[in-house]
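This report refers to the structure that appears directly beneath it.
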Amino acid sequence: MTSSLVIAVDGTSGSGKSSTSRGVAERLGLRYLDTGAMFRAMTWWLLSEGVDVHDVAAVAAASSRPRIESGTDPLAPTITVDGRDVSVEVRSADVNAAVSPVSAVPEVRARLLDLQREAIGDGGIVVEGRDIGSVVWPQAEVKVYLSADPDARAERRAAEEGGADLASTQQSLLERDRIDSGRATAPLTMADGAVHVDSTHLTLDEVIETIVGLATSARP
């Protein structure tokens, strides 16, 4: 696979972006970047430092301080803050509840945008998030918008979280959609030129195969 290829995978929470993106990267021999983990890492650090995540000015002022690094191996992705591996911590309920307001702060997005573009570098990578094809890397050769209906997304997320309540999980996902789609800076949207893939009734392998096919067609 062409080493400069960039595949942008955007979409809603629980639609399968992470599993799909890692699978595509592994199949094509590309690197993998989870931009959502970067926002989670920032959120975890703010919470651990006692910063009020609903205080926009406080979040903005603190956002330049942590050193956030993302590993790009699709078989073993990592996220570290100031040298500490926080891969487990960033998936906690506290971070889940706080990541949307943190992600909406323009200074946070600007800081992490620089890190994301630095990680993409010369390409050869699958990047997942909510604004990759529209803001982070609009020149990506392949843009995908991955979605699924709310029931399917809630079932998947509840299973990931060890059998969480479906109704509350779905409500949390829909609230995240509302915040992400309505924020003023880099809202969740389907980028120009993106292919919409509805994963509701597809297996993971089928979704991966669909995107691999798009990448193969886009290869120079």
Could you check whether any side-chain heavy atom of [X] comes within less than 4.5 Å of a side-chain heavy atom of [Y], counting everything from C-beta outward?
X	Y	answer
Leu47	Val95	yes
Asp34	Ile79	no
Gln116	Ser70	no
Asp10	Val144	no
Arg27	Glu209	yes
Asp149	Asp198	no

Electrostatic pair Glu69-Arg67, nearest N-O below 4.0 angstrom: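 Judged by the 4.0 Å cut-off on N to carboxylate O distance, Glu69 and Arg67 do form a salt bridge.
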CG-OG distance between Asp192 and Ser134, expressed to the nearest 0.5 angstrom: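 Between Asp192 CG and Ser134 OG, I get 9.0 Å after rounding to 0.5 Å.
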Interatomic spacing from OG1 in Thr35 to CG in Leu115 - rounded to 0.5 Å: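 CG of Leu115 is found 11.5 Å from OG1 of Thr35.
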ring-ring contact (aromatic ring centres under 6.0 Å, His included) partners for His196, two or more places apart: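 Partners of His196 under the ring-ring contact (aromatic ring centres under 6.0 Å, His included) test: Tyr145.
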Without hydrogens or angle criteria, can the side chains of [X] and [Y] be said to hold a donor-acceptor pair below 3.5 Å?
X	Y	value
Ser87	Asp85	yes
Asn96	Arg40	yes
Glu26	Tyr32	no
Ser147	Arg153	no

